[in-house]
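What follows is a short report on a single structure.
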Amino acid sequence: MCTMSAPDGFESYKGDIEEVERKVAGEFDPGARALVVAALVFLVLLSFVLPHAGGARGFDVLAGTDAAASAGISLPSRVFAVLAIVFSVGFSILALLTRRWAIAWVALAGSAVASALGMLAVWSRQTAAAPYPGPGIGLVIGWLAVIVLTFHWARLVWTRTAVQLAAEQERRRRAAENQGKGLMDLGGERRDDPEPPAD
């Protein structure tokens, strides 16, 4: 009678189970937060249609048009616009579509840097020389939307990190138990039927 058939049958599926666990560990479920993130991404996009300074819209700042040059757009405003469109819009949409945890991290990091540069961009417009206009409504709305988007990505990533750490700890505990059972089976110390008491 062969007693090793059941463990061998399970061992053949063990790799598949671990692969599924790794795939699930790399994904996140935003739930209702996905709608909030999508609305904020739309708001950031909308801010590029609105004026960032004088007659220069956000897309003018990105493209470096004559309108941006006449408004005296400085480097912080340009860098903020690029980071906002790449990370707060591009990577946020990509993270929502793929639900990959690593892409959400990139969206969070880029949006956090964009938030800081947005503050610098608004400040540089407020301290601009007299002929140049101050910050436009598009710049302010875009900056605030990026800040709120950063907050939501941080909440989602932090929650995912806690769940992933708990799952990893449980996986290690099960692996240690299985290894201990395997050692007991090899040593012959584990028996399925209890021995009858000695007289």
Side-chain angles (χ1 to χ4, degrees), residues 23-24 26-129 131-164:
K23 184 177 184 236
V24 169
E27 295 179 350
F28 67 90
D29 181 18
R33 197 177 299 276
L35 186 60
V36 177
V37 169
L40 289 167
V41 167
F42 177 74
L43 196 59
V44 174
L45 270 176
L46 181 66
S47 74
F48 281 91
V49 179
L50 299 172
H52 275 217
R57 296 172 299 130
F59 289 117
D60 293 324
V61 174
L62 274 176
T65 62
D66 293 337
S70 64
I73 298 296
S74 59
L75 184 63
S77 294
R78 288 189 181 130
V79 175
F80 166 72
V82 170
L83 290 178
I85 202 77
V86 170
F87 293 103
S88 300
V89 174
F91 275 94
S92 292
I93 291 173
L94 195 60
L96 286 177
L97 291 176
T98 62
R99 296 179 187 261
R100 300 300 298 169
W101 188 65
I103 298 175
W105 260 108
V106 173
L108 167 63
S111 296
V113 174
S115 298
L117 281 168
M119 179 183 66
L120 190 60
V122 170
W123 175 78
S124 69
R125 293 313 311 170
Q126 287 176 335
T127 58
Y132 297 116
I137 188 70
L139 178 60
V140 175
I141 288 175
W143 174 48
L144 294 177
V146 168
I147 289 174
V148 178
L149 188 62
T150 303
F151 168 75
H152 280 284
W153 277 128
R155 291 278 307 267
L156 194 142
V157 165
W158 180 257
T159 303
R160 184 66 192 135
T161 302
V163 170
Q164 193 174 27

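Here the structure is a predicted model, which means the values were calculated and not measured.
Summarising the geometry of Ala145 relative to Leu43, their closest heavy-atom pair is CB-CD2, 3.9 Å, with the distance given to 0.1 Å. Shortest non-hydrogen contact noted between Ile73 and Ala53 is CD1-CB, 3.7 Å. When every heavy atom of Ala71 is checked against every heavy atom of Arg125, the shortest pair comes out as O-NH2, 2.8 Å. Smallest separation of non-hydrogen atoms from Ala56 and Ala67: CB-O, 3.7 Å. For Ser115 against Thr150, the heavy-atom pair with the smallest separation is OG-OG1, 3.2 Å. Across all non-hydrogen atoms, the minimal contact from Gly55 to Asp60 is O-OD2, 3.9 Å.
The closest side-chain donor-acceptor pair between His152 and Arg33 falls under 3.5 angstrom.
Screening Leu96, Thr98, Ile93, Leu108 for a side-chain contact (heavy atoms from CB on, under 4.5 Å) with Ile103, the sole residue that qualifies is Thr98.
Every pair passing ring-ring contact (aromatic ring centres under 6.0 Å, His included) that includes a residue from residues 63-89 is listed here, sequence neighbours excluded: Phe87-Phe91.
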> Checking side chain to side chain contact (heavy atoms under 4.5 Å, CB included) for the pair Met119/Trp143: CA distance, chi angles, key distance, verdict?
Replying inline: CA-CA 7 Å; Met119 179 183 66; Trp143 174 48; 3.6 Å; yes
>> Quick one, Val82 with Val61, criterion side chain to side chain contact (heavy atoms under 4.5 Å, CB included). Give me CA distance, side-chain angles, the key distance, then yes/no.
In response: CA-CA 9 Å; Val82 170; Val61 174; over 6 Å; no
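For the pair Ser88/Leu83, no side-chain contact is recorded, criterion being any heavy-atom separation below 4.5 Å from C-beta on. Counting heavy atoms from C-beta outward, His52 and Ser77 have side chains that stay 4.5 Å or more apart.
For the atom pair Ser124 OG and Leu117 CG, the distance stands at 10.0 Å (nearest 0.5 Å). In this structure, the separation between CZ on Arg57 and CG on Leu139 is 15.0 Å, given to the nearest 0.5 Å. How far CH2 of Trp105 is from CZ of Arg100: 15.5 Å, rounded to the nearest 0.5 Å. For the atom pair CG (Leu149) and CG (Leu40), the distance works out to 5.5 Å, reported to the nearest 0.5 Å.
Evaluation of the side-chain hydrogen bond (donor to acceptor under 3.5 Å, both in side chains) rule for Trp153 yields Ser92 as partners, not counting sequence neighbours.
Without hydrogens or angle criteria, Ser70 side chain to Asp66 main chain gives a donor-acceptor distance under 3.5 Å.
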